[in-house]
Amino acid sequence: MIEVPETKLEFTKELVRDTGRLIQSLMSQNLNIDTKQNAHDFVTNVDKQAEEFMVAAIQAMYPDQGFITEEKMIDNEVKHDMWIIDPIDGTTNFIFQKRNFAISVGYYEDGQPQFGIVYDVVGDEMYVGITGEGSYLNEQKLEPLDPKVVLKDAIVNADNRMFKTFKVDLDEHIMVQRYLGSAALEIIAVAAGRTNSYMSRRLKPWDIAAAVIILKEVGGTWYFGEHHDAIAYADKHEVFMSGSNATILESLIALR
Ligand code: 2AM
Ligand code: CA
């Protein structure tokens, strides 16, 4: 008999850990690598298998769930209970570095964020944000972010192409630039207080849906296209800009 978990959150934490183990075991075998829109937009058999595994488990446990997933192993459809899933965020890192990638699962009800999980598989760090309750790293509560840090003292994560969209030489207005290559892990770095901003020119809902729930619970803030401290379900690229506080985010917007 299948044991019914106490809550959807507990179920999902367990599922994400299981998916992490699946990814680790497949990672040591030969990867089957394809490209999507362009030569450097990769997807592997592992992205697809991991997504299929998660979707099947959720459907087996709960009826009538909606999904928005990157690899489209299920028809994407908006319902009251919504799962927004990126099985591997940071696929290029996954393929070439075998680290610095994450599983991202955001759970929304009636458009409202409930919980988000970002799991750094190789680092074995599970970040969980629960709306109204706080955010956690491996069950340890994250501290609220400092509301007083200003842009000139900020570590800003973004690629050079994002920096080039600014009216100014952004390097002159910040402490230092960094870039990792996994939107979920970079938003998490802001939430954990390791950096002060993450920005990207073109993200989709599954890149951010889980991490922003974690960010919001510690006082961080963001724009996703026109949406302020909110996401959109549409399968559409949007500019993403975030800050560890409103001063940093508004300063960045003023310079763009
Ligand atoms: P991915 O690894 O799941 O594709 C850095 O490249 C970040 O941008 C990663 O989080 C990556 O997610 C995301 N990204 C890269 N290309 C993308 C694309 N074509 N659409 C949406 N997100 C993309
Ligand atoms: Ca992905």
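Just follow the structure's listing: the first ligand is 1, and inside any ligand the first atom is 1. FYI, the numbering just counts along the sequence from 1.
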For atom 20 (N) of ligand 1, what is the closest protein heavy atom, and at what distance to 0.1 Å? His237 NE2, 3.0 Å
Within less than 4.0 angstrom of ligand 1, does Asp47 place any heavy atom? no
Please work out whether any backbone atom (N, CA, C, O) or any side-chain heavy atom from C-beta onward of Asp89 is under 4.0 Å from ligand 1, and answer side chain, backbone, both or neither. both
Which is it for Phe94 and ligand 1 at heavy atoms under 4.0 Å: side chain, backbone, both or neither? neither
So which of the N, O or S atoms of Asp86 lies nearest the Ca ion (ligand 2)? OD1
Without hydrogens or angle criteria, can the side chains of Thr69 and Glu51 be said to hold a donor-acceptor pair below 3.5 Å? yes
What about Ser182: any of its N or O atoms under 3.5 Å from an N or O on ligand 1? no
What do we get for Asp41 next to ligand 1 when only non-hydrogen atoms under 4.0 Å count, side chain, backbone, both or neither? side chain
Return yes or no for this condition: an N or O of Gly181 is under 3.5 Å from an N or O of ligand 1. no
Tell me whether the Ca ion (ligand 2) has Asp47 as a neighbour, meaning an N, O or S atom of it below 3.0 Å. no
Round to 10° and report the angle made at the Ca ion (ligand 2) by OE1 of Glu70 and O of Ile88. 170°
Val43 near the Ca ion (ligand 2): N/O/S under 3.0 Å: no
Atoms of ligand 1 under 4.0 Å from any heavy atom of Asp86, numbered from 1 in the order shown, are 3 (O)
Taking N or O atoms only and a 3.5 Å limit, does Leu203 qualify as a polar contact for ligand 1? no
Is there any N or O on Glu70 that sits under 3.5 Å from an N or O of ligand 1? yes
Less than 3.5 Å between some nitrogen or oxygen of Ala183 and one of ligand 1, yes or no? yes
Electrostatic pair Lys204:Asp207 at N-O distance under 4.0 angstrom: no
Judged by modelled atom types alone, do Lys8 and Tyr62 share a side-chain donor-acceptor pair under 3.5 Å? no
